[in-house]
Engineer: 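Let me begin by handing over the structure; questions about it come next.
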There are 2 protein chains.
Amino acid sequence: MATPTPDNTRDRLLMQAERLFSQKGFAAVSVREITAAADTNLAAINYHFGNKMNLYLSVFQERWVPRAHGVRNFFRGYLSKKSLPQTADIVRAFATAFLEGAMSDDEMRCHINLMLRELTHPTEAVNIVVSEVIRPMHHDIREMIRPSLPENLDIEKLTLSIFSIISMILYFGFAKPVISLVMGREFDPQFKSRVIDHIVSFAMDGMNGLSKEET
Amino acid sequence: MATPTPDNTRDRLLMQAERLFSQKGFAAVSVREITAAADTNLAAINYHFGNKMNLYLSVFQERWVPRAHGVRNFFRGYLSKKSLPQTADIVRAFATAFLEGAMSDDEMRCHINLMLRELTHPTEAVNIVVSEVIRPMHHDIREMIRPSLPENLDIEKLTLSIFSIISMILYFGFAKPVISLVMGREFDPQFKSRVIDHIVSFAMDGMNGLSKEET
DNA sequence: GTCTATAGCAGGATAGAC
DNA sequence: GTCTATCCTGCTATAGAC
């Protein structure tokens, strides 16, 4: 099975809570709904996590962060096939890790939804998201790309470009339904790889500007 | 005053509802909170809108859509200064309309939050968002840019590029706090105009690929 | 149109048996 | 660790006075 149901109550609660929170948001999910989905009793959340908010934070600590590390490892594994990765390889690895690697569509949607919710409407969990994942991710990419670029490069420009790449990957990840609607095309594997090609070529051309001297 | 308090109860409800829904989301806001903020009684929402969900939809119809049209008008006004707008002008007008034109920071944040929430967690309101705003916006931009591009252009590529531009503008709009955190820099007007310059140059270079012949 | 009062129910949390 | 029973608060929605 892709996601075997844990035999331990605490883990079942975490798993179902993550699924439901990512679909509906913190406020829209009741503890009754979670405990029913996890096939246990109403008191289980308070016993294992103290309260609902603490369960939400635990979802980030114990499920979201490890999965983000999974994406990071997929990204690194994808890159390690190349002996001397060029910038295009790095961007492709990153886009691939998010859009078709590392996990199933549903899992990715769940993962991105939780993150987006925290970015648009921060709770305490945003600190985990930024410090454990977003900041290290930026650091990784920046240091990987930097060697291919001029030494006197404006670091701020590079960082803005990385944000641009992330913005595209996130948007093409979460706005799939809208994109399908506007383009009149299913988001099937063929289209997905077309999107990745687009992101890579758009980003590579976009980053050309980094090497140009500008006053 | 920037946002004069309407003397009519219905409009006060719409105004406060929009503010609160955009900050916390539909489920996290209670009708008590809205009616209190609108300085009226608990029954007012049911009287004027029937129920809470209908109030939410009315916010989109009567406040969100008109404001989106305001952004569109700002965009067009900005462009009309140029007699023959080039693609760079169009992208700059679009980014400027979202990031520093048309409305205050708070109003823009409110506007984008409502939209993002619908894109990531659609309710009935997503139909309004896509059909009234996103689709027409794509159409406008596509038809404006097209004359500067080769006739045999792959329309799908152009559409993907427009999505990329939108993704950057949205991301730089909603992830401001995270960007400030990662870059260690305030999102002041100076930085904002730097961001717009970045988006324009990244997008222009990114779209270079459109003219190139590719098999 | 506006308000008070309240019905009727779902929410999170807890106590205490097993 | 697990469960049932229950508390009490807060919710949406409505009835009916003014």
Side-chain angles (χ1 to χ4, degrees), chain A residues 4-64 113-114 117-118 121-126, chain B residues 4-64 114 117-118 121-125:
Chain A
T5 300
D7 47 5
N8 131 356
T9 301
R10 192 175 184 281
D11 290 338
R12 279 204 313 282
L13 283 171
L14 281 171
M15 191 176 89
Q16 295 299 329
E18 180 178 40
R19 187 177 63 80
L20 291 164
F21 284 142
S22 85
Q23 278 171 11
K24 310 190 187 184
F26 181 77
V29 179
S30 67
V31 299
R32 289 174 147 84
E33 196 176 356
I34 299 168
T35 51
D39 202 29
T40 181
N41 64 87
L42 186 54
I45 286 176
N46 281 79
Y47 176 75
H48 285 283
F49 301 94
N51 59 36
K52 185 186 171 187
M53 188 61 197
N54 228 301
L55 167 61
Y56 183 72
L57 292 174
S58 299
V59 163
F60 276 86
Q61 280 155 359
E62 299 181 39
R63 291 189 60 94
W64 192 86
N113 269 352
L114 285 172
R117 221 184 276 284
E118 283 302 315
H121 259 88
T123 69
E124 282 177 63
V126 78
Chain B
T5 301
D7 47 4
N8 136 348
T9 302
R10 193 174 184 283
D11 290 338
R12 279 204 314 282
L13 283 171
L14 281 170
M15 192 176 87
Q16 295 299 330
E18 180 178 42
R19 187 177 62 82
L20 291 165
F21 285 143
S22 86
Q23 278 171 10
K24 311 191 188 183
F26 182 78
V29 179
S30 67
V31 298
R32 287 171 146 83
E33 197 177 355
I34 299 167
T35 51
D39 201 29
T40 182
N41 65 87
L42 187 54
I45 286 176
N46 280 77
Y47 176 74
H48 286 283
F49 301 94
N51 59 36
K52 185 185 170 187
M53 187 60 194
N54 229 301
L55 167 60
Y56 183 73
L57 292 174
S58 299
V59 163
F60 276 86
Q61 279 155 0
E62 299 182 38
R63 292 189 59 94
W64 191 87
L114 285 173
R117 219 184 279 287
E118 283 303 316
H121 292 85
T123 69
E124 281 177 63

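Everything numeric here is computed off the predicted structure, so don't read it as measured data. Each chain gets a letter, A, B and so on, in the order its sequence line appears, and its residues count up from 1.
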Engineer: I want to check something: taking the side chain as every heavy atom from C-beta on, are B:Phe49 and B:Leu13 in contact at a cut-off of under 4.5 Å?
Structural biologist: yes
Engineer: Whole angstroms only, please: what is the CG-C1' distance between B:Asn41 and D:dT14?
Structural biologist: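 In whole Å, D:dT14 C1' lies 13 Å from B:Asn41 CG.
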Engineer: With a 4.0 Å heavy-atom cut-off, tell me which residues in residues 7-19 of chain B come close to DNA chain D, sorted by residue number.
Structural biologist: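 When residues 7-19 of chain B is checked for heavy atoms under 4.0 Å from DNA chain D, there are no hits whatsoever.
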Engineer: So if I define the base as every atom that isn't primed, P, OP1 or OP2, how would nucleotides 7-18 of chain C read as a B/S/- string at a heavy-atom cutoff under 4.0 Å?
Structural biologist: ----BBBBB---
Engineer: Are OP1 or OP2 of C:dT2 and a side-chain N or O of B:Thr40 less than 4.0 angstrom apart?
Structural biologist: no
Engineer: At what distance, to the nearest 0.5 angstrom, does CZ of A:Arg10 lie from OG1 of A:Thr40?
Structural biologist: 13.5 Å
Engineer: Any side-chain heavy atom of A:Val59 sitting closer than 4.5 Å to one from A:Leu114?
Structural biologist: yes
Engineer: Between B:Ile34 (CD1) and D:dA13 (P), how many Å, whole number?
Structural biologist: 11 Å
Engineer: Counting C-beta onward and ignoring hydrogens, is there a side-chain heavy-atom pair between A:Leu55 and A:Lys52 closer than 4.5 Å?
Structural biologist: no
Engineer: Which heavy atom in B:Glu62 sits nearest to a heavy atom in B:Leu14, and how many Å separate them?
Structural biologist: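 So the two residues come closest at OE1-CD1, 3.4 Å.
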Engineer: Would you indicate whether the side-chain heavy atoms of A:Tyr56 and A:Thr123 approach each other to under 4.5 Å?
Structural biologist: yes
Engineer: How close do A:Gln16 and A:Ala37 get, heavy atom to heavy atom, and via which atoms?
Structural biologist: OE1-CB, 3.6 Å
Engineer: Could you check whether the rings of A:Trp64 and A:Phe60 sit parallel, tilted or perpendicular, using 30° and 60° as the cut-offs?
Structural biologist: tilted
